[in-house]
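Note that the structure is predicted; figures quoted are calculated from it, not measured. Reminder, nothing fancy here: chain letters follow the sequence lines and each chain counts from 1. Side chains are part of it too, since the values below use all heavy atoms of this structure and drop only hydrogens, waters and symmetry mates.
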Amino acid sequence: EAQVTQNPRYLITVTGKKLTVTCSQNMNHEYMSWYRQDPGLGLRQIYYSMNVEVTDKGDVPEGYKVSRKEKRNFPLILESPSPNQTSLYFCASSFRGNTEAFFGQGTRLTVV
Amino acid sequence: GEDVEQSLFLSVREGDSSVINCTYTDSSSTYLYWYKQEPGAGLQLLTYIFSNMDMKQDQRLTVLLNKKDKHLSLRIADTQTGDSAIYFCAERVPDKLIFGTGTRLQVFP
């Protein structure tokens, strides 16, 4: 089954404790991206990757890192999480950057 | 600049039609999409329209595009309680999709 898998689904952590949210897709898509969803703000793109070893900042990259060592995986790293990073995070993949996007189930992160 | 706007809430009675509106600013958009997000889930593509079309119908869904006014709408006929969700429009520009803020549709009996 074609899918985008994120882990974990829910995470509560403390300020400053490094964390990684994993994302994997099995559709051989070139393009992957991370979004955060906040009430009234819709989806805002954090980082994206057009292919292996090619990543770039989205609209709200501050406080986040990503890597794309393999085509299928695109982890999101928070080196020193802060409470303003409490949000619902989505990973998405698509054949290209502007074609239909397939979304993961989301990761609800709470930073206390 | 790039911006996609939607109203935040819509409430309709079961069986009525729902119309969700969206405005966008980038005239280079080639496709426009509607996504549905059910509680606790990710976004799923509902339908899309190519920018040289002005209407597309898919069962209970009708998408209308006014390219001159950069206005997109999604009409859901015979709205059911299972249609309660957040609906996002998105425009396709050269490198990415730009999403609107989402409209929360609430269907009451």
Side-chain angles (χ1 to χ4, degrees), chain A residues 1-10 21 23-25 27 29-51 54-61 76 87-109, chain B residues 1-10 20-51 56 58 61 63 72 74 85-106:
Chain A
E1 182 190 349
Q3 58 186 4
V4 178
T5 305
Q6 292 177 230
N7 279 297
R9 292 289 311 277
Y10 301 92
V21 185
C23 175
S24 179
Q25 52 96 2
M27 294 168 278
H29 285 161
E30 292 183 351
Y31 187 97
M32 297 183 75
S33 58
W34 277 102
Y35 296 87
R36 59 179 289 173
Q37 182 182 9
D38 301 289
L41 297 176
L43 286 172
R44 294 180 292 168
Q45 192 180 53
I46 303 170
Y47 267 95
Y48 64 95
S49 168
M50 299 185 81
N51 215 323
V54 180
T55 64
D56 211 341
K57 296 177 182 178
D59 300 315
V60 288
L76 178 70
S87 188
L88 180 58
Y89 291 87
F90 287 100
C91 178
S93 76
S94 54
F95 181 60
R96 290 203 178 89
N98 56 6
T99 54
E100 176 194 347
F102 293 81
F103 283 81
Q105 292 291 92
T107 296
R108 186 165 291 282
L109 172 66
Chain B
E2 304 163 336
D3 200 12
V4 179
E5 295 193 354
Q6 301 176 236
S7 53
L8 290 181
F9 297 102
L10 177 65
I20 303 170
N21 294 303
C22 172
T23 56
Y24 60 98
T25 56
D26 196 315
S27 57
S28 67
S29 300
T30 52
Y31 283 87
L32 294 125
Y33 300 87
W34 282 105
Y35 282 83
K36 178 182 181 182
Q37 183 185 27
E38 298 192 58
L43 281 71
Q44 286 191 301
L45 182 68
L46 260 186
T47 187
Y48 64 93
I49 189 166
F50 189 47
S51 59
K56 179 180 179 181
D58 183 1
L61 306 178
V63 180
L72 179 74
L74 173 70
I86 302 176
Y87 291 81
F88 291 90
C89 65
E91 63 167 336
R92 170 174 164 175
V93 295
D95 293 328
K96 61 183 178 180
L97 296 179
I98 302 169
F99 287 87
T101 50
T103 299
R104 183 179 293 275
L105 173 65
Q106 184 178 14

*Asks:* May I ask you to test the A/Gln25-A/Phe102 pair for a side-chain heavy-atom distance under 4.5 Å?
*Replies:* no
*Asks:* Tell me, for A/Leu41 versus chain B, whether the close heavy atoms (under 4.5 Å) come from the side chain, the backbone, both or neither.
*Replies:* backbone
*Asks:* What part of A/Gln37 is in contact with chain B, defined as an atom under 4.5 angstrom from a non-hydrogen atom: side chain, backbone, both or neither?
*Replies:* side chain
*Asks:* With distance as the sole criterion, is a donor-acceptor pair present between the side chains of A/Asp38 and A/Ser87 under 3.5 Å?
*Replies:* yes
*Asks:* Please classify the contact of B/Gln37 with chain A as side chain, backbone, both or neither, using a heavy-atom distance under 4.5 Å.
*Replies:* side chain
*Asks:* So which part of B/Leu8 gets closer than 4.5 Å to some heavy atom of chain A, the side chain, the backbone, both or neither?
*Replies:* side chain
*Asks:* Going by the rule ring-ring contact (aromatic ring centres under 6.0 Å, His included), which residues pair with A/Tyr35 if we only count those two or more places apart in sequence or in a different chain?
*Replies:* A/Phe103, B/Phe99
*Asks:* May I ask you to decide if A/Cys91's main-chain N or O and A/Gln6's side chain share a donor-acceptor pair within less than 3.5 Å?
*Replies:* yes
*Asks:* Would a distance-only check, ignoring hydrogens and angles, find a side-chain to backbone donor-acceptor pair under 3.5 Å from B/Tyr35 to A/Ala101?
*Replies:* yes
*Asks:* Among B/Gly40, B/Ala90, B/Ala41, B/Gly102, single out the residue with the greatest number of heavy-atom pairs under 4.5 Å to chain A.
*Replies:* B/Ala41
*Asks:* Side chain, backbone, both or neither: which part of B/Tyr48 has a heavy atom under 4.5 Å from chain A?
*Replies:* neither
*Asks:* Find out whether B/Arg92 and B/Tyr33 are in side-chain contact, i.e. whether some heavy atom of one side chain is under 4.5 Å from a heavy atom of the other.
*Replies:* yes
*Asks:* With only heavy atoms counted, which part of A/Arg108 is less than 4.5 Å from chain B, the side chain, the backbone, both or neither?
*Replies:* neither
